[in-house]
Amino acid sequence: MTDQEKNLPKRFDAEPAEARWYQEWLKRDLFRPETDSQKPPYSIVIPPPNVTGALHLGHALNGSLQDVLSRHKRMQGYNVLWLPGTDHAGIATQVVVERKLAEDGKTRHDLGREAFLEEVWKWKKIHGNTIIDQQKRLGASCDWSRERFTMDEGLSKAVRTVFTHLHQEGLIYRANYLVNWCPRCMTVLSDLEAPRQSVGGNLYKIRYDYEDREGGIEVETTRPETLLGDTAVAVHPEDERYGSLIGQRVKLPLTQRSIEIVADEFVDPAFGTGAVKVTPGHDPNDFECGRRLGLEEINLLHKDGTFNENAGEKYAGMDMKTARKTVLADLEALGLLLSTTPHQHEVPHCDRCHTVVEPLLSNQWFLKMEPLAKPAIEIVRNGKVKFHPKNWENTYFHWMENIRDWPISRQLWWGHRIPAWECGACGEWTSDVDTPTACRACGGTDLTQDDDVLDTWFSSALWPFSTMGWPDETEDLKTFYPTSVLSTGFDIIFFWVARMIFMSLHFMKEVPFQDVYIHPLIRDAKGKKMSKTAGNGIDPLEVMAEHGTDALRYTLVSLAAQGRDIKLGTHHFDGARAFVTKIWNAARFSLMNLEDFNPASEPGKKSLYDRWIRTRLDVAMGKAHEALDAYRFNDAASAIYHFMWREFCDWYIELSKETLQGEDQEARAATQHTLVETLSGALQVLHPIMPYVTEEIYQALPHLPRADGRSDLMLMEQNYPSPAPTLTQTEDEEMNFFTDLVTKVRQVRGELGLPPKSKIRIRLPKAAGELTAGHEPGIRALTNAEALDLSAEGSAPPAASVTRAGPYQVWVELEDPSYFAEEANRLEKSLKKLEKDIAMFDKKLSNPKFLERAKPEVVAKDQKKLQGLREEAETTGKRLSQLQDLSGAAES
RNA sequence: AGACGCGUAGCUCAGUGGGAGAGCACCACACUGACACUGUGGGGGUCGGCGGUUCAAUCCCGCCCGCGUCUACCA
């Protein structure tokens with residue numbers, strides 16, 4: 001085998017490596033946990049993405065983080081399950097398929113329920129794997145054999161079971177209630193699905209005439225058309241302007257219907273006229289007020305948002321816009337419209353189709369929240385479920401403590417059909433997991449199933465246990481439930497986290513996960529939210545194609561600090577790609593020097609450098625593991641980055657060159673052994689973050705023999721290396737002195753402008769002998785010194801630059817007098833800094849209170865420091881004047 | 001309106017009750033043996049402002065200013 005064949009190509013070609021290794025991992029079934037394992041379990045269920053979705057950066061981030069955790073735990077010896085899947089995204093999917101039908105001029109009603117659902121399933125079969133495939137591309141080590149979909153039979157059974165239980169317990173009830181209604185989707189929405197958007201409108205002042213006399217009360221509204229459904233006018237009970245009017249009646253404009261002036265504390269006397277029209281059928285506040293006071297509720301709208309017969313003959317059939325215009329014109333004509341002022345207000349819009357959402361009275365199924373929320377709050381309070389970062393617990397508590405009952409029915413076809421049947425005889429509802437044959441209340445057999453389906457979130461709330469086979473008692477549940485952590489975005493705390501917690505507590509009597517990791521939100525370089533409409537998004541697939549998956553993953557992981565959003569610009573990927581290349585080149589160097597390496601041979605006596613780099617790996621590994629266990633992903637990334645680049649490449653590889661090219665065969669073999677051992681270890685630590693490049697290199701490297709004799713393992717199957725013996729304190733000091741010396745000499749070179757190639761002569765005092773013994777080749781190599789005098793006596797030679805390493809002076813001889821001025825300059829600068837520091841410490845140490853009250857070790861440390869600084873300043877000063885004499889002499 | 005977060009080098013951000021850090025950018029020097037997606041060195045910051053606690057504050061507390069987010073909304 002020639003060198004070239006044995007070596008790595010010049011560049012890492014990411015794309016083929018990614019495909020090759022992912023296939024290999026799958027082939028070897030490495031993502032699937034062991035069945036009869038003695039290993040401790042570790043499990044994550046993926047927060048299921050919408051089946052309609054495509055991978056965006058948020059998914060890429062969350063996927064990368066979960067994969068880092070999964071691979072990390074696997075390599076720590078856990079039996080790891082990362083369970084993947086998608087949810088059916090009721091509204092979103094139905095909207096997509098309806099849009100497709102609309103292209104042919106058809107609606108779902110043209111097809112009918114059954115045929116329409118067939119269409120949706122067809123669509124799902126074709127497009128449902130998009131995001132799954134993209135996650136594979138990202139390297140996700142999910143157990144695909146356990147992939148789940150919320151509409152799978154097993155999960156559907158879980159949904160029916162839960163519904164039936166909750167219904168029979170009385171926690172699910174049916175009621176006529178004011179709900180958010182999307183007139184386009186023609187379904188109810190939860191508050192979470194109807195976010196408010198700022199809309200410019202008008203505030204109209206309208207007079208409602210008194211019934212029994214001249215004049216009237218003035219009210220202000222943004223929605224004049226709803227006055228057709230008014231059933232009262234309300235004022236604040238303590239509002240002196242209106243006190244006498246309470247209980248009197250006014251004539252509702254346009255209809256002449258008589259309504260009462262009532263008092264309720266929800267009215268803000270300071271807003272507008274302080275009198276408000278009350279429309280219980282079309283405004284949440286008014287609805288609450290109406291229920292408090294027992295007011296009539298009038299529904300003005302058809303399901304499609306047009307006005308119905310309750311609005312009166314003239315307005316029935318009109319859409320909202322027309323009705324508003326007409327009502328305003330009619331009021332105007334009657335002289336009842338007093339003023340119109342522009343007004344900005346927040347209006348709920350459908351999260352999916354962005355139509356304005358109408359509050360509408362409707363018969364819906366609700367889940368009673370209070371009894372479920374209480375234990376869910378408690379479980380977080382007592383720390384059984386922990387949020388990371390902890391701050392998010394406030395958000396959770398706030399929502400849970402103010403939670404309203406959850407409307408769970410949706411007027412859609414795509415979803416879990418509500419397992420409740422209405423009895424034609426007695427009108428009671430019977431719920432069951434399987435189709436019931438008789439009414440539970442009267443035994444009647446004329447049963448009709450509810451047409452509606454359940455909110456998608458109802459099924460995803462069960463995800464942590466439904467995916468593992470519940471309600472059956474499965475091995476998976478026994479082994480992997482509760483899960484270890486849920487990783488998700490903060491915007492999903494209400495949708496998922498909270499609901500998963502209360503459903504788990506209720507049905508499993510157990511938390512769904514111990515930790516909730518809330519990952520940062522990715523924004524664009526300017527800090528704006530990324531969105532399709534703004535067009536400021538970065539497509540992770542493009543990044544993977546351009547820079548490689550490892551670079552994308554490293555970038556995201558290294559930016560995932562706790563408690564802060566990520567501002568991501570494209571330049572961020574450059575650094576990560578450079579890192580990938582750096583690792584690649586370190587591996588190339590190693591392989592180039594391993595042609596004759598026999599992994600089976602004894603390592604021989606290792607040098608201090610060999611043992612040092614191995615301990616540095618242990619330090620980095622320790623930091624990385626500690627960081628990952630605390631979900632401090634960025635710290636893990638930077639620990640290993642620092643080791644790989646700043647320690648392994650900058651120091652160890654440079655030092656190893658001497659040995660590898662030297663004559664001492666035993667030393668050479670020891671260094672080769674160290675290269676393989678340390679690089680392999682580093683690859684393992686890096687692997688969870690950058691799985692592909694590490695595997696590619698690892699498979700090219702020779703492998704040290706394992707106790708079990710196996711040599712065909714993938715990186716993921718390895719356990720992390722156990723720590724090597726630490727250096728003795730003396731060895732530690734020696735290494736510190738060595739690196740300090742090299743750095744200081746390089747500094748002199750740089751500051752004096754000595755060209756890197758110029759040969760220099762270094763002199764060290766004899767007293768430093770113990771620390772320098774054996775380091776001569778290293779010092780020469782890293783400082784490019786020509787000569788080294790390690791036993792200098794007395795003071796500095798006249799023509800030299802003086803620096804300091806550890807406690808010793810170091811002299812770099814200067815033969816060319818032109819450098820004297822530079823050296824003087826350098827010394828002056830250094831003296832100035834020293835004097836500043838001395839003054840600072842002096843002041844501190846001459847403060848009696850400091851001496852008295854500060855910790856003794858702090859005082860001692862500072863005293864020592866000051867003494868050292870003074871000595872240094874003294875020699876520097878002396879040196880400076882010496883040099884000035886010399887430089888004067890040279891000039892004359 | 002409340003709550004939360006943020007304000008540290010030109011930029012993006014770590015960080016800690018005891019002499020201010022990283023990456024990128026910048027400047028200087030160096031290109032044939034791992035790597036220019038590089039190496040070596042350097043410059044650069046009253047740690048948002050004002051007070052307080054402390055021997056000591058960038059860090060703890062209070063107030064203020066600026067930015068961001070969430071929650072609730074006034075019809």
Side-chain angles (χ1 to χ4, degrees), chain A residues 7-8 10-12 196 203-204 219-223 226 234 266-268 270-279 283-286 343 345-346 389 391-392 394-395 398-399 402 490-491 493-494 521 523 525 527-529 547 551 558-559 561-569 571-572 574-593 632 634-635 638 641-642 646 649-650 653-654 657 661 742-743 746-757 782-784 836-837 840-841 844 847-855 857-859 861-862 865-866 869:
Chain A
N7 209 344
L8 294 170
K10 186 121 180 140
R11 264 146 215 259
F12 172 55
R196 287 164 187 277
L203 198 53
Y204 304 95
V219 304
E220 288 197 272
T221 180
T222 53
R223 305 199 54 190
T226 64
F266 92 96
V267 181
D268 175 4
F271 187 88
T273 60
V276 54
K277 59 194 266 321
V278 182
T279 325
D283 179 279
N285 277 319
D286 295 1
H343 181 72
H345 60 140
E346 307 279 314
N391 300 346
W392 290 111
N394 292 333
T395 307
H398 184 258
W399 191 68
N402 298 287
F490 71 89
D491 48 339
I493 290 176
F494 309 137
L521 179 73
R523 299 170 174 281
K528 296 260 179 273
K529 239 177 178 163
H547 302 272
S558 70
L559 292 173
Q562 291 207 344
R564 194 192 269 259
D565 293 345
I566 298 176
K567 274 199 236 175
L568 188 70
H571 67 277
H572 278 111
D574 299 336
R577 194 171 56 161
F579 185 37
V580 172
T581 308
K582 189 72 182 177
I583 298 165
W584 184 254
N585 281 308
R588 286 188 73 222
F589 169 84
S590 304
L591 278 163
M592 279 177 184
N593 288 285
R632 303 174 58 94
N634 58 323
D635 286 347
S638 62
Y641 176 96
H642 182 261
R646 308 271 75 114
C649 291
D650 289 356
I653 284 191
E654 291 310 320
K657 287 175 180 172
Q661 286 150 23
V742 170
T743 307
R746 284 169 167 175
Q747 219 167 29
V748 167
R749 251 192 205 286
E751 288 176 4
L752 260 52
L754 296 167
K757 279 181 116 176
L782 298 198
T783 61
N784 198 22
K836 207 176 124 197
D837 288 352
M840 198 268 294
F841 278 100
K844 200 169 168 185
N847 180 355
K849 282 186 175 168
F850 172 70
L851 298 173
E852 186 188 325
R853 299 193 195 176
K855 280 177 275 181
E857 61 267 30
V858 171
V859 177
K861 200 189 98 195
D862 285 358
K865 192 76 209 175
L866 179 60
L869 287 169

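Chain identifiers are assigned alphabetically (A, B, ...) following the order of the sequence lines, protein sequences preceding nucleic acid strands; residue numbering begins at 1 within each chain. FYI, side chains are in, hydrogens and waters are out, and symmetry mates aren't considered; it's all heavy atoms of this structure.
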### Task
Would you mind classifying the nucleic acid contact of A:Asn391 as base, sugar-phosphate or nothing, using non-hydrogen atoms under 4.0 angstrom?
sugar-phosphate
### Message
Taking any heavy-atom pair under 4.0 Å as a contact, classify A:Asn847: base, sugar-phosphate, or nothing.
### Response
sugar-phosphate
## Note on the structure
Separation between CZ (A:Arg223) and OH (A:Tyr204), nearest 0.5 Å, reads 11.5 Å
### Message
Please report the distance separating the C1' of B:G52 from the corresponding atom of B:A57, rounded so that it comes out in whole Å.
### Response
11 Å
### Query
Roughly how far apart, to the nearest Å, are B:U58 and B:A20 at atom C1'?
8 Å
### Task
Quick one: label A:His343 by what it contacts on the DNA or RNA (base, sugar-phosphate, nothing), any heavy atom closer than 4.0 Å.
sugar-phosphate
### Task
State whether A:Lys844 places a side-chain N or O below 4.0 Å from either non-bridging phosphate oxygen (OP1 or OP2) of B:A56.
no
### Query
Do you know which two heavy atoms are closest between A:Glu220 and A:Gly272, and how far apart they sit?
OE1-CA, 2.8 Å
### Query
What integer distance in Å separates A:Leu559:CG from B:A14:P?
9 Å
### Task
With C1' as the reference atom in both, quote the distance from B:U38 to B:C24 in angstrom, rounded to an integer.
16 Å
### Message
Treating primed atoms plus P, OP1 and OP2 as sugar-phosphate and everything else as base, which nucleotides of nucleotides 30-43 of chain B get B, S or - for protein heavy atoms under 4.0 Å?
### Response
S---BB-BSSSSS-
## Note on the structure
note: A:Leu521, atom CG; B:C13, atom P; distance rounded to Å ~ 12 Å
### Query
Which part of the nucleic acid, if any, lies within contact of A:His572, taking any heavy atom under 4.0 Å across all strands shown: a base, the sugar-phosphate backbone alone, or nothing?
sugar-phosphate
### Task
Measure from the side-chain N and O atoms of A:Arg749 to the backbone N and O of A:Lys757, and report whether any donor-acceptor pair falls under 3.5 Å.
no
### Task
To the nearest Å, give me how far apart NZ (A:Lys567) and C1' (B:U69) are.
13 Å
### Task
Considering only atom C1', compute the distance from B:U53 to B:G21 and round it to an integer number of Å.
27 Å
#### Entry: Atom-pair distance (CG on A:Asn394; C1' on B:U69), nearest Å
14 Å
### Message
Show me the dot-bracket string of RNA chain B, counting Watson-Crick or G-U pairs under 3.5 Å, with | for pairs to another strand and [ ] for crossing ones.
### Response
(((((((..((((....[..)))).(((((.......))))).....(((((..]....))))))))))))....
#### Entry: Nearest-angstrom distance from the residue atom CG of A:Leu851 to P of B:A56
13 Å
### Pairwise C1' distance, B:G15 and B:A9 [rounded to whole Å]
15 Å
### Message
Under 4.0 Å, counting only non-hydrogen atoms across every strand here, what does A:Ile583 touch: a base, just sugar-phosphate, or nothing?
### Response
nothing
#### Entry: Distance test, side-chain N/O of A:Arg523 to OP1/OP2 of B:G5, below 4.0 Å
no
### Message
Which heavy atom of A:Leu591 sits nearest to which heavy atom of A:Leu8, and what is that distance?
### Response
CD1-CG, 3.5 Å
### Query
Would you find a donor on one side and an acceptor on the other, under 3.5 Å apart, between the side chain of A:His572 and the backbone of A:Gly569?
yes
### Query
To the nearest 0.5 Å, how far apart are CG in A:Asp837 and CG in A:Leu866?
10.0 Å
### Task
Return yes if some donor-acceptor pair links the side-chain N/O of A:Arg746 with the main-chain N/O of A:Leu782 below 3.5 Å, else return no.
yes
### Task
Would you indicate what A:Thr221 reaches in the nucleic acid, counting non-hydrogen atoms under 4.0 angstrom: base, sugar-phosphate, or nothing?
sugar-phosphate
### B:U8 to B:A22 separation - C1' atoms, rounded to the nearest Å
12 Å
### Task
Send over the distance from A:Ile566 CD1 to B:G68 C1', rounded to a whole Å.
16 Å
### Query
Okay, side chain of A:Asp283, backbone of A:Thr279: is any donor-acceptor separation there less than 3.5 Å?
no
### Non-neighbouring partners of A:Asn634 that pass side-chain hydrogen bond (donor to acceptor under 3.5 Å, both in side chains), sequence neighbours left out
none
### Message
Can you check the distance between B:C11 and B:C26, where both ends of the measurement are the P atom (answer in whole Å)?
### Response
15 Å
### Query
Is there a donor-acceptor contact under 3.5 Å from the side chain of A:Arg523 to the main chain of A:Leu568?
no
### Query
Within the structure shown, what part of the strands sits under 4.0 Å from A:Lys277 by heavy-atom distance: base, sugar-phosphate, or nothing?
nothing
### Query
Does the A:Asp862 side chain pair with the main chain of A:Lys844, one donor and one acceptor, at a distance under 3.5 Å?
no
### Query
Expressed in whole Å, how much space separates the P atoms belonging to B:G48 and B:G7?
7 Å
### Interatomic distance where CD1 belongs to A:Ile493 and P belongs to B:C70 [whole Å]
12 Å
### Spacing of A:His642 atom NE2 relative to B:A22 atom P, expressed in whole Å
9 Å
### Query
Counting side-chain heavy atoms from CB outward, which of B:C24, B:C73, B:A75 is closest to A:Tyr641?
B:C24
